[in-house]
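The structure under discussion appears below in the form of structure tokens.
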Amino acid sequence: MNVPDKPSLEGLEARWGEWWEASGTYRFDRTKTREQIFSIDTPPPTASGSLHLGSVESYTHTDLMARFQRMRGNEVFYPMGWDDNGLATERRVQNYFGVRCDPSLPHDPHFDVATLERPDDDPVPVSRANFIDLCARLTAEDEKAFENLFRLLGLSVDWSHTYTTIGAASRRASQRGFLRLFHRGLAYTADAPTMWDVDFKTAVAQAEIEDREIDGEYHRVAFDREDGGDPVEIETSRPELLPACVALVANPTDARYRSLVGSTVLTPLFRVPVPVVAHELADPEKGTGIAMICTFGDVTDVTWWRALRLPTRVVVRRDGTLAPGRFGEPGWDSRDAAAANATMAELAGKGAKQARRRIVELLGDAGSLRGAPEKIRHPVKFYENGDRPLEVIASRQWFVKTLDFRDALLARGRELRWHPAFMGARYASWVEGLNQDWAISRQRYFGVPFPVWYPLDGAGEPRYDQPIVPDEASLPVDPQDAAPPGFSNEQRGLPGGFIGDPDVMDTWATSSLTPQIAAGWEDDPDLFGRLFPMDLRPQAHDIIRTWLFYTVFRAHLEHDSVPWTDAAISGFVLDPDRKKMSKSKGNVVVPTEVFERHNADAVRYWAASARLGYDAAIDEQQIKVGRRLAIKILNASKFVLTMESPAGDITEPVDLAMLATLRGVVHEATTAFEDYEHAKTLDVVERFFWGFTDDYLELVKQRTYGARGPAGAASAVGALREALDVLLRLFAPFLPYVTKEVWSWWREGSVHRSHWPTPGELAVADGGDPETYEVAAQALGAVRKQKALAKVSLKVPVLRVTARDAAERLAKLRLAEADLCGAGSIQAIVYEDSAEPSIEVELAPREQT
RNA sequence: GGGCGCUUAGCUCAGCUGGAAGAGCGUCGCCCUUACAAGGCGAAGGUCGGGGGUUCGAGCCCCUCAGCGCCCACCA
């Protein structure tokens, strides 16, 4: 026994953090079988910048389950990954170092970012290889900082099991996964209209798109009819796409336009003859009921373009600016090509906004505008990280067949156990709303390259229909460095030779394989067999449609199974005013600052008191409550463990009653934890604990000092230690530092490797009756209350307590009489049978104090 | 437009299969009590969003309305 005189929370993190690392408390034992293992698909945090307080919350939630499972005797596989692959990192590197990637530059082996000169403050172009080096360098620094924070938080991660999403194992798994989809015909390349971000200059997938309400204007534009009838008026918010107009469309049931269908009209300014067509997607209620179809203004245009087999006239370039006119060329008919091209010259090079402003002026001058523009607010699609609306641009991309699997993926979603259950609905609504195959290629640099080359024909043109892929054994491969099978690098770029696919994969193409990557898919089949499918995917709700969905999708395709059986979905952390935290609002609470002000157990307490699936506000008061609880555990433990412990059994009814009550708490706490209701577990344990210190400790204190002889003391101290032993283990997942500290005073090994309490181990409480504990605590509370109301010290004697209650409850109270009198300085207790329970307290007159 | 969640004390939230309204914080008051004053004890405070209904009995079940938040949607 080694109890300090003045227990304190100071320094616990450092001491036990080091001890856990040195002793390997959380090291995973890979000799265990699948049945003995609880495996967690830890979210790899984005290694760019600083961690969010929401991460602190949700990673704590995961750690609670990890610790609970470990204490239940499961071998917990709890790895850590770093998501350093992707656009977030690229952006951060660009800003941090003031560079931009220019893939046309050769690799500079002597490149040193420290000596970088930045005239005019413009980003300095660097080669792809140098850029990737910078990405790796910056993410390594971030990952170190993240690890330190997570260690401080007390995550019971096995830090020897880490991966990065740009590491060799991740690249190998991503490329292997791609190749297998490719060989099955599930991954295909196509030159097709795709959502495109004009700033990042890359394709984006449906899952990365979000709607934003922005200001716009409806312009009413008149098209002349070729037959000379009244002009046809349409409304558009994007008049700059007029040169890309390929048809007008009305609903086939719309009587106003039925006679026009099949006729030809001329686009204003450009005088391009376009047909009037009919399609049921045209909404008679919108605008004038007839719309222009452009290639491409939005995804509806794509639908119409496909369904109606319309021609293609693209005017928006990949950087978002308009192209010069090509009227007069094949496919670019115009009744006045020279004028059309002159108009285009006014617009060429301008972005959408500027081109819009100019074309409205031109339309006005030409008399084609009807009325004043109508100001509107309307939802427009944006890339989730982007600043300008997405364009729809045709380009060659890799896709994974997704739409064919909608029903199967809905079934997989039902197969999962969702915590909370209603989160399953979000998944389902996403899957039901899928409308495009997954675009997995990105025109970026810091990512996993496609393991693909294309042969060049005699004219040096790539044959995209004949992609060359490597053997799985050669992965990972970078087609920009390596030559494909049957070629040598001298043939790169030459007619008859080859080129490498320049694109990288969507970051989710890698992240969707985190269970496989962490479990050693194909690289370590033995380990994989012990871990996959995993047990738990913890994550936040904002990435259900991306990370969760894609992971389910990949496991379905590759393993014909779910990737895990349970999904635990955390909510968000809001600022103290319940507003979403965001950098632009300046209300972000930085985790490192929180840890400067509060100890780790206290922060965990706050996180643990939030349920899964519901947003929680950052509440420093609640953190302080956690700190108080931790201090209380120290002090109460000190009291329990410094009592002399004479030989003897636990025999006193009050002691047995307390333990019987605790047994019920163990049952309730365990059931809640099994149901992923960690907040409820904490609540019932904490509630019992405060009663334990306020009531039970006070009740038996005199007895522990020997007031009623050695047998009475032995019973009390025995019960106190039994309860403390159980309570420390119940608190261990929540407050790992303080429980470890107390455990070290009197127990061998780690509380975190001890077993989770069971009702069965409290068999000693079999003779106990929880109600005895309850009535005794109530009576003591009544005495305390009267003394507080009388504004006197708790030491003031009580002449008489009159307890009125049902006979059987009074009988139970009698069992605690001696302890009660000692704790309350009560001289006599009178019992009266009554149907109306009450406790009357007669204090001694003041002069007696 | 469709879906989900929420609405209980000033604040943050519990209230399990319907059985006499709860906790913490904040406020106020009291107490140096040999585990704990960077403590402890106690008090005040609620027409459980509105309106119907089922029931002996509704915070909980059903219908309906409203507000807030989120997800999804082909948004010309």
Side-chain angles (χ1 to χ4, degrees), chain A residues 3 5-9 210-211 213-214 216 218-219 221 234-238 241 248-249 279 281-283 286-294 297-304 376-381 420-435 541-542 544-545 571-572 574 576 578 580 606 609-611 613-617 619-622 624-625 627-629 631-643 668 671-672 675 677 679-680 683-684 686-687 690 693-694 697-698 701 705 781 784-796 823 825:
Chain A
V3 184
D5 287 341
K6 271 272 171 196
S8 156
L9 300 178
E210 65 183 26
D211 285 353
E213 285 259 322
I214 62 167
Y218 276 152
H219 303 275
V221 178
I234 61 114
E235 280 195 341
T236 178
S237 59
R238 300 205 58 189
L241 292 179
L248 298 189
V249 64
H279 194 275
L281 274 185
D283 184 350
K286 275 186 189 139
T288 59
I290 185 163
M292 70 169 178
I293 302 174
C294 305
D298 60 28
V299 287
T300 316
D301 281 344
V302 178
T303 307
W304 281 323
I376 53 162
R377 276 190 76 75
H378 61 158
V380 172
K381 289 191 188 309
F422 66 79
M423 284 296 176
R426 295 213 181 170
Y427 171 89
S429 83
W430 171 252
V431 176
E432 282 162 5
L434 283 171
N435 58 28
H541 59 71
D542 56 329
I544 288 175
R545 70 178 189 175
F572 278 147
L574 310 174
R578 296 201 66 74
K580 201 165 168 176
W606 159 75
S609 59
R611 293 190 294 168
Y614 294 89
D615 296 346
D619 183 354
E620 303 226 10
Q621 292 290 0
Q622 188 70 358
K624 287 178 184 164
V625 173
R627 173 192 162 81
R628 214 171 50 134
L629 173 63
I631 292 174
K632 190 80 172 175
I633 289 173
L634 286 177
N635 287 317
S637 302
K638 176 188 159 194
F639 171 76
V640 170
L641 295 176
T642 48
M643 285 299 111
E668 207 178 339
T671 306
D675 293 340
E677 302 249 25
K680 185 172 181 181
D683 185 65
V684 298
E686 188 189 5
R687 201 178 295 275
W690 282 106
T693 57
D694 292 351
L697 239 58
E698 294 305 324
K701 192 179 277 179
Y705 289 128
R784 261 199 311 251
K785 178 173 170 178
Q786 287 309 312
K787 289 181 179 177
L789 288 176
K791 304 188 177 185
V792 298
S793 159
L794 287 172
K795 283 189 298 192
V796 169
S825 306

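Side-chain atoms are counted along with the backbone in the values below, which use heavy atoms only and exclude waters and symmetry mates. Just so we're clear, the structure is a prediction, and the values are computed from it rather than from any experiment. Order of the sequence lines fixes the chain letters, A, B, ..., with proteins taken first and strands second; residue numbering starts at 1 for each chain.
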Under 4.0 Å, counting only non-hydrogen atoms across every strand here, what does [X] touch: a base, just sugar-phosphate, or nothing?
| X | result |
| --- | --- |
| A:Gly433 | sugar-phosphate |
| A:Ala282 | base |
| A:Asp211 | base |
| A:Lys701 | base |
| A:Ile544 | nothing |
| A:Glu432 | nothing |
| A:Thr288 | nothing |
| A:Trp690 | sugar-phosphate |
| A:Thr303 | nothing |
| A:Asp283 | base |
| A:Tyr218 | sugar-phosphate |

Using the [atom1] atom in both, what is the distance from [N] to [M], to the nearest Å?
| N | M | atom1 | result |
| --- | --- | --- | --- |
| B:U7 | B:U17 | C1' | 24 Å |
| B:A20 | B:G57 | C1' | 11 Å |
| B:G52 | B:U27 | C1' | 39 Å |
| B:C61 | B:U55 | C1' | 10 Å |
| B:C13 | B:G18 | P | 26 Å |
| B:G53 | B:C6 | P | 25 Å |
| B:G19 | B:A58 | P | 11 Å |

Letter per nucleotide, 5' to 3', of nucleotides 11-29 of chain B [B base touched, S only sugar-phosphate touched, - untouched; heavy atoms, 4.0 Å]: -SSS--------SSSS--S
Is the phosphate of [N] approached by [X] (side-chain N or O, under 4.0 Å from OP1 or OP2)?
| X | N | answer |
| --- | --- | --- |
| A:Asn635 | B:G39 | no |
| A:Lys795 | B:U33 | yes |
| A:Arg426 | B:C72 | no |

Toward the 5' end of RNA chain B, which comes first, A:Met643 or A:Ile290, by nearest nucleotide?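 Per heavy-atom nearest nucleotide, the more 5' residue is A:Met643.
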Taking for each residue the nucleotide of RNA chain B with the nearest heavy atom, is it A:Lys785 or A:Lys6 whose nucleotide lies nearer the 5' end?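 Comparing both residues, the 5'-ward one is A:Lys6.
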Let's test this: given Watson-Crick or G-U wobble pairing with both distances under 3.5 Å, identify the partner of [N].
| N | value |
| --- | --- |
| B:A43 | B:U27 |
| B:U33 | none |
| B:C6 | B:G67 |

What is the distance from atom NZ of A:Lys6 to atom CG of A:Asn635, rounded to the nearest 0.5 Å?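 Atom-to-atom, A:Lys6:NZ and A:Asn635:CG are 7.5 Å apart.
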Quick one: CZ on A:Arg627 to CG on A:Leu9, what's the gap to the nearest 0.5 Å?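 Output value for this atom pair is 5.5 Å.
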Would you check if the side chain of A:Asp675 reaches a backbone N or O of A:Glu677 as a donor-acceptor pair within less than 3.5 Å?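 Not at all, since once roles are kept as given, no pair shorter than 3.5 Å links the two residues.
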